[in-house]
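Heads up, the thing below is written out as structure tokens.
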Amino acid sequence: MKKYKFTINGNSYETEIISSEDNVINLEINGTPYAVTVDQEVKQAKPAAKPVMKPNPALNTNSGPSAAETAAAIATATPAGSGKVGGEIKSPLPGTILEVNVKVGDTVQVGQTVIMLEAMKMENNVESDKAGVISAIKVNKGDTVMEGDVLIVLG
């Protein structure tokens, strides 16, 4: 299912999640099977309908209007300079949050880097494809995210 490598107190572990149901996760750590019970029910990840590598992973957000459509909507529907368009900025691929470059209340423009994400040992800029005001930041530095997880909400 999913494989992870991690280090605890200098010891390296290879982990593979075999299955999960309700609040029980069946996994192998360095080849030894374990059944782990967690406090909350485990949410199943959505099956990947698209390949992990996308032509432009830095601009992956919700399925709302494109950047060009958003810019046109701003130009015709809002006063000059306001640029408030709602939406979500989602993780383009699984990884770890290295930096959050914005805070709640900040105004972002199309193409502005909002988060630095480490994925597959590479740093990736997550850019906004919508203009707007940050109404919520759903992640913190060091958080692990999956592809499609909501990172930032624009108001």
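FYI, side chains are in, hydrogens and waters are out, and symmetry mates aren't considered; it's all heavy atoms of this structure.
Within the 3.5 Å criterion, the main-chain N or O of Glu118 finds no donor-acceptor partner in the side chain of Asn124.
Considering all non-hydrogen atoms of both residues, Gly142 and Thr96 come closest at O-CG2, 3.7 Å. Nearest heavy-atom pair across Ala131 and Val110 is N-CG2, 3.8 Å. Taking both residues in full, the closest heavy atoms of Leu154 and Gly132 are given as CD2-C, 4.4 Å, listed atom of the first, atom of the second, then distance. Taking all atoms of both residues into account, the shortest heavy-atom contact from Lys90 to Val126 is O-CG1, 4.3 Å. Across all non-hydrogen atoms, the minimal contact from Gly155 to Ser135 is N-OG, 3.6 Å.
Residues Ser91 and Leu117 form a side-chain contact, since some pair of their non-hydrogen atoms from C-beta on lies under 4.5 Å apart.
Taken to the nearest 0.5 Å, the CD atom of Glu88 stands 10.0 Å off from the CG atom of Leu151. Interatomic distance, CD of Glu16 versus CG of Leu27, reported as 9.5 Å (0.5 Å rounding). Here the NZ atom belonging to Lys138 is positioned 12.5 Å from the CD1 atom belonging to Ile115, to the nearest 0.5 angstrom. Here the CD1-CG distance, from Ile18 to Asn26, works out to 8.0 Å after rounding to the nearest 0.5 Å.
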Tabulate below the donor-acceptor pairs under 3.5 Å that side-chain atoms of residues 98-106 make, not counting sequence neighbours, or state none.
unit_1 : atom_1 : unit_2 : atom_2 : d
Lys103 : NZ     : Asp106 : OD1    : 3.3
Asp106 : OD2    : Lys103 : N      : 2.9

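Lys141 is linked by a side chain to side chain contact (heavy atoms under 4.5 Å, CB included) to nothing, counting only residues two or more places apart in sequence or in another chain. Applying the side chain to side chain contact (heavy atoms under 4.5 Å, CB included) rule to Asp143 yields the partners Ile97, Val139, Asn140; only residues at least two apart in sequence or on another chain are considered. The ring-ring contact (aromatic ring centres under 6.0 Å, His included) search around Tyr13 returns Phe6, not counting sequence neighbours. Judged as a side chain to side chain contact (heavy atoms under 4.5 Å, CB included), and not counting sequence neighbours, the contacts of Thr37 are Asn23, Val24. Applying the side-chain hydrogen bond (donor to acceptor under 3.5 Å, both in side chains) criterion to Lys5, with sequence neighbours excluded, gives no partner residue.
Residue Ile137 is grouped with residue Val114 when hydrophobic side chains (ILVMFWY) are merged at heavy-atom distances under 4.5 angstrom, including chains of intermediate members. The hydrophobic cluster containing Ile17 also contains Met146, counting ILVMFWY residues as joined when their side-chain heavy atoms lie under 4.5 angstrom apart, directly or transitively.
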